[in-house]
S.K.: 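Here it is, the structure in full.
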Amino acid sequence: MDPPGRRDELVLIQHELVNAYDARVRAVVVGQDGQAALANVAEPDGPGELVEVLACGLCGSDVEKLDPGHAGLVPGHEVVARAADGRRVALVHHAPCGACDRCRAGHESTCDRFAAPTIVPGGLAERVLAQGFVELPSVWPDWRGTMVEPLACTLRAVERVPRGRVVIVGNGFVGRLFGSVLERRGDDVFAVDLDPRRAGRAPDGAVDAAVLCGRGGIATALDAVRPGGTVLVFADAGRLPAADVYRRELTVIGSRSATPEAMTDAVLLLDDLDVPEPTVLPLERFADGLELFRRRDALKVVFRP
Ligand SMILES: [Zn+2]
Ligand SMILES: [Zn+2]
């Protein structure tokens, strides 16, 4: 039996351990070596509401950040969570000010305010601090809600794509979202991909517009459009061959990320679209999910903490 006093000390130590554990959150963290692994991080503290993450999609832009330069980062921005009042919501990951010149011109993702993340530490965690969200229909499975963010990015970009014959270059998950949205508005949609497993209906002639959804496709996109056509760049596609743009009088437009308004529109539209179902894995299997994504064996991977 413990001598008197010693027992109280043990209880106190246990209590501190429990508190220390409680204040920690399991999350996927980028290590010094650039590899992402599950770790315990301090519970986030700061502005916003602490919410319980139910699901988080893995995006190509998250995978691009798995390098030593992003050590300490918790990736993930396609987040469905349970708010403190019990509502199930999709989180807003960056918010524009809505009032500056760039916001008023429709370039909200270049607003100075937009640079600050509004999901802390990042979506691939058990709990996060959120500064904004949109409510989701109660009948949706959690994974469906993770599609609100990528769809919102798509909707904002589609506004800049002229109507007509459109080719998607890079027919992964986001390419399919573009295809579905463009078809719904009445465009004649084609899709190409470097990976033959992902190729869609190939264009049967020059198109009015191309939507570039992946790396390495800029030449394909420029070649596909008719003179005077438009290329929407939705990925970091490297250098642009300007001679093509000049000689064929092409219009090249960039679009990146989503606004809170587009998130609301995406919730309303998602049920009308034909979207592929993702592979859903527990957060413990992050490495497996990443491998599926990198090998292009899964169109979309969603993790559940
Ligand atoms: Zn994304
Ligand atoms: Zn602004």
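Start at 1 and go down the list; that is how both ligands and their atoms are numbered. Position 1 is the first residue of the sequence, and the numbers go up from there. Keep in mind that this is a model prediction, so the values were computed, not measured.
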S.K.: Rounded to 10 degrees, what angle sits at the Zn ion (ligand 2) between Cys111 SG and Cys100 SG?
M.R.: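 It comes to 110°.
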S.K.: Ion pair present between Asp188 and Arg201, side-chain N to carboxylate O less than 4.0 angstrom?
M.R.: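 Looking at Asp188 and Arg201, the cut-off is met.
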S.K.: Quick one, Asp274 with Arg184, criterion salt bridge (Lys or Arg N to Asp or Glu O under 4.0 Å). Give me CA distance, side-chain angles, the key distance, then yes/no.
M.R.: CA-CA 10 Å; Asp274 179 22; Arg184 188 174 177 279; over 6 Å; no
S.K.: If the threshold is 4.0 Å, N to carboxylate O, is there a salt bridge linking Arg226 and Asp208?
M.R.: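 Yes.
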S.K.: With the Zn ion (ligand 2) at the centre, find the angle made by SG from Cys97 and SG from Cys103, to 10°.
M.R.: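 It rounds to 110°.
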S.K.: State the atom name: nearest N, O or S atom of Glu78 to the Zn ion (ligand 1).
M.R.: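 Result for Glu78 and the Zn ion (ligand 1): OE2.
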S.K.: Regarding His77, does it place an N, O or S atom less than 2.8 Å from the Zn ion (ligand 1)?
M.R.: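 Looking at His77, which is the residue asked about, there is an N, O or S atom under 2.8 Å from the Zn ion (ligand 1).
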S.K.: List the atom of Val161, the atom of Arg185, and the distance in Å for their closest heavy-atom pair.
M.R.: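 Taking Val161 first and Arg185 second, the nearest heavy atoms are O-NH2, 2.7 Å.
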